[in-house]
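All remarks here apply to the structure that follows.
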Number of protein chains: 2
Amino acid sequence: MTDDDRVFKALADPSRRFLLDLLFARDGRTLTELERELEMTRFGVAKHLRVLEEAGLVVVRRSGREKLHYLNPVPIRQIHDRWIDKFTEQHVTALIDLKRTLEEES
Amino acid sequence: MTDDDRVFKALADPSRRFLLDLLFARDGRTLTELERELEMTRFGVAKHLRVLEEAGLVVVRRSGREKLHYLNPVPIRQIHDRWIDKFTEQHVTALIDLKRTLEEES
DNA sequence: AAGTTATGTGACCGTTTGGTCACCTGTCAA
DNA sequence: TTGACAGGTGACCAAACGGTCACATAACTT
């Protein structure tokens, strides 16, 4: 299993993406804290966090018996850079901004 | 199955990511042309392309009996924007550039 | 010390997924 | 019109994945 394989496999599950959303909104949460937000047993959440951690999408810091989880944006940016070059980036961001503007008007 | 679910599921397979790499290098290829680059039957490749197409990562244009495939960068950019805000983006790109520089020196 | 809180492990099971095959449709060229 | 070429469909099977459970370890509290 290669590094990037771990990253994409980790992102393939909606529960794990939701965990990233939670950490994007607020970093440094514990397993128990995150568990409350999902309709799933603690074991399930722990398993998902482990997958995210092994993919490098989440980094952890121990503090006593607690394990604090942080979002690591680097792998996400690398996905971006793999298929979007500097030149294309300008067009795409402009396109997305335009789309957003049009949707707000309607 | 939501839109973004389709995108992430599509990206979860290494063969499909390789197809995106091929189209990133050169757009507008046919199934037969792409098939030559993979060690897989035509049916397998067709199935993967279909998944990429349904996810909106690849768009197609018919030309007679040929089907030309193009890479669509928009969903990739949206993944980026989901977990990297404007502020963080600067730090992350700087970090990745630095990492690349250090690796080139060694 | 004893109870509570936070997290970790390995097994288990139903579902999904990757890849192949036999067979079929549509298009171009001689 | 006959054959070659480009692509599509539905069924099938082995392997991987999501989620749960019983059980276990470690740290804080009183």
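The model shown is predicted, which means the values in this text are computed figures rather than measured ones. Just so we're on the same page: letters track the sequence lines, and every chain starts at 1. Values below: every heavy atom of this structure, side chains too, minus hydrogens, waters and symmetry copies.
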When you measure from the side chain of [X], which nucleotide among [options] comes out closest?
X       : options               : answer
B:Ser15 : D:dT20, C:dT7, C:dG19 : C:dG19
B:Thr32 : D:dT20, C:dC21, D:dG7 : D:dG7
A:Leu31 : C:dG19, D:dT20, C:dT7 : C:dT7
A:Asp13 : C:dA6, D:dG19, C:dG18 : D:dG19

Rounding to an integer number of Å, can you tell me how far [X] [atom1] sits from [N] [atom2]?
X       : N      : atom1 : atom2 : answer
A:Phe8  : D:dC17 : CZ    : C1'   : 19 Å
B:Leu49 : D:dT9  : CG    : C1'   : 16 Å
B:Leu34 : D:dA6  : CG    : P     : 13 Å
B:His69 : D:dG8  : NE2   : C1'   : 12 Å
B:Arg17 : C:dG18 : CZ    : P     : 11 Å
B:Leu52 : C:dT17 : CG    : P     : 14 Å
A:Glu66 : C:dT4  : CD    : P     : 19 Å
A:Glu39 : D:dG18 : CD    : P     : 18 Å

Between [X] (side chain) and [Y] (backbone), is there a donor-acceptor pair under 3.5 Å?
X        : Y       : value
B:Arg17  : B:Leu11 : yes
B:Thr30  : B:Glu33 : yes
B:Thr101 : B:Asp97 : yes
B:Arg6   : B:Val51 : no
A:His69  : A:Arg29 : yes

>> If you assign each of B:Arg50 and A:Met1 to its closest nucleotide in DNA chain D, which residue comes earlier from the 5' end?
In response: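 Closest to the 5' end, via its nearest nucleotide, is B:Arg50.
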> Toward the 5' end of DNA chain D, which comes first, A:Lys9 or A:Val45, by nearest nucleotide?
Replying inline: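 The answer here is A:Lys9.
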[X] side-chain N/O to [N] phosphate OP1/OP2 under 4.0 Å:
X       : N      : answer
A:Thr41 : D:dT20 : yes
A:Thr30 : C:dA6  : no
A:His48 : D:dG18 : no
B:Arg16 : C:dG18 : yes

>> Return a single string for nucleotides 23-30 of chain C, one symbol per nucleotide in 5' to 3' order, where B is base contact, S is sugar-phosphate-only contact and - is none, cutoff 4.0 angstrom on heavy atoms.
In response: B---BS--
> Cut-off 3.5 Å, side chains only: do A:Arg16 and A:His48 have a donor facing an acceptor?
Replying inline: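 Their side chains do contain a donor-acceptor pair, which is all the 3.5 Å distance test asks for.
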> Is any NZ, NE, NH1 or NH2 atom of the basic residue among A:Glu54 and A:Arg50 found under 4.0 Å from an Asp or Glu carboxylate oxygen of the other?
Replying inline: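 Yes, charged N to carboxylate O under 4.0 Å.
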> Under 3.5 Å, is there an N or O donor on one side and an acceptor on the other linking the side chain of B:Lys67 and the base of D:dG7?
Replying inline: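 When only heavy-atom distances are counted, B:Lys67 does not reach the base of D:dG7 through any donor-acceptor pair under 3.5 Å.
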>> For a side-chain contact (heavy atoms from CB on, under 4.5 Å) check, start with the C-alpha distance between A:Leu23 and B:Trp83, then their side-chain angles and the critical distance, and finish with the verdict.
In response: CA-CA 9 Å; A:Leu23 293 178; B:Trp83 291 301; over 6 Å; no
